[in-house]
Amino acid sequence: MNAPIGVFDSGVGGLTVAREIMRQLPEESMIYFGDTARVPYGTKSKETIIRYSRQIVNFLLSKGVKAVVVACNTASALAMTELQREYVVPVIGMVQPGAVAAMRATKNKNIGIIGTPGTIKSGQYGKYLRQLDPKVTVVTKACPLFVPLVEEGLIDDRITEDMVSRYLREFRQYHIDSLILGCTHYPLLINPIQNFMGDQVTLVNPAYEAAKSLKQLLEENDLCAEKDHTAKYEYYVSDMADQFLTFADRVLPCRVDKVQPVKIENY
Ligand code: DGL
């Protein structure tokens with residue numbers, strides 16, 4: 001089935017997930033929506049995130065998507081149950097695949113999780129990890145300033161190194177051997193985070209595992225695109241299309257030449 005996959009995020013961060021889907025599923029078309037008018041999601045209530053997520057899934061369905069990827073850790077942590085219950089199309093998020101990948105990576109079962117305040121407060125990563133292994137020890141930390149640092153392009157900057165050290169210092173005493181990058185922006189900070197944590201800590205990017213889960217989900221539901229299908233990508237945002245374009249050019253392997261505005265409150 002050559003219909004597109006719907007992918008959404010609060011803004012540009014989900015492009016790190018879109019990038020992984022492009023790599024692992026090159027024949028699949030994609031409709032990406034970034035809620036750039038209402039970002040950040042990480043500091044908003046569960047009720048608000050559920051309402052926003054419903055509107056976005058309604059929009060994606062109006063574009064004929066065959067499955068939805070919630071490429072936002074906060075929306076995955078706060079709205080997945082509702083989305084999976086309310087919609088007929090398969091919906092997958094970041095949290096479950098991220099937890100699976102972390103369990104595979106850890107040897108000492110001490111796992112760190114970083115994310116937005118909403119994701120960390122929800123406790124969803126810890127819940128899934130304990131379902132996979134009740135003996136796991138989970139240490140969490142919200143790192144809200146990482147998102148604006150990435151969006152400002154301050155990846156290899158002193159100020160980012162300082163923030164990494166401030167936020168992650170306390171993980172050292174817990175002897176974690178894996179750290180879940182539980183926010184779409186954090187894979188772009190892999191270098192400063194790895195430098196600070198050291199090589200003995202494996203950084204887990206849920207996007208990689210989510211793309212793998214998506215592949216499996218499409219196979220199980222007989223929804224895969226034909227092998228020789230040429231993928232097409234469309235990008236939509238609720239505001240600031242130019243800024244989105246600049247960021248997309250930094251993150252994606254292909255050029256984005258058109259970003260279309262959507263009045264998302266109408267869905
Ligand atoms: N995309 C969000 C996430 O992965 C980060 C940005 C935001 O707070 O909206 O949680």
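All ligand and atom numbering here is 1-based and tracks the order in the structure. Heavy atoms only: backbone and side chains are in, while hydrogens, waters and symmetry mates are out.
Atom 10 (O) of ligand 1 has as its closest protein heavy atom T74 OG1, 2.5 Å. For atom 1 (N) of ligand 1, the closest heavy atom belonging to the protein is D9 OD1, 2.7 Å. For atom 8 (O) of ligand 1, the nearest protein heavy atom (residue, atom name, distance) is G42 N, 2.9 Å. For atom 6 (C) of ligand 1, the closest non-hydrogen atom on the protein side is S10 OG, 3.6 Å.
Using a 4.0 Å cut-off to heavy atoms of P40, the atoms of ligand 1 that qualify are 7 (C), 8 (O), 9 (O). For ligand 1, the atoms lying closer than 4.0 Å to a non-hydrogen atom of V39 are 9 (O). Taking a cut-off of under 4.0 Å to the non-hydrogen atoms of C183, the atoms of ligand 1 that pass are 3 (C), 4 (O), 5 (C).
By the 6.0 Å and 45° rule, R54 does not stack over the aromatic ring of Y87.
The ring of F59 has its center closer than 6.0 angstrom to the ring center of F33. The ring of Y233 has its center no closer than 6.0 angstrom to the ring center of Y32.
Residues in residues 174-193 take part in no salt bridge (charged side-chain N to carboxylate O under 4.0 Å, His left out) pair, two or more places apart or across chains.
Rounding to the nearest 0.5 Å gives a distance of 10.0 Å between CG of L179 and OH of Y186.
Residue T116 touches ligand 1 through its side chain alone, judged by heavy-atom distances below 4.0 Å.
Salt bridge K215/E219: present, at least one basic N to carboxylate O contact under 4.0 Å.
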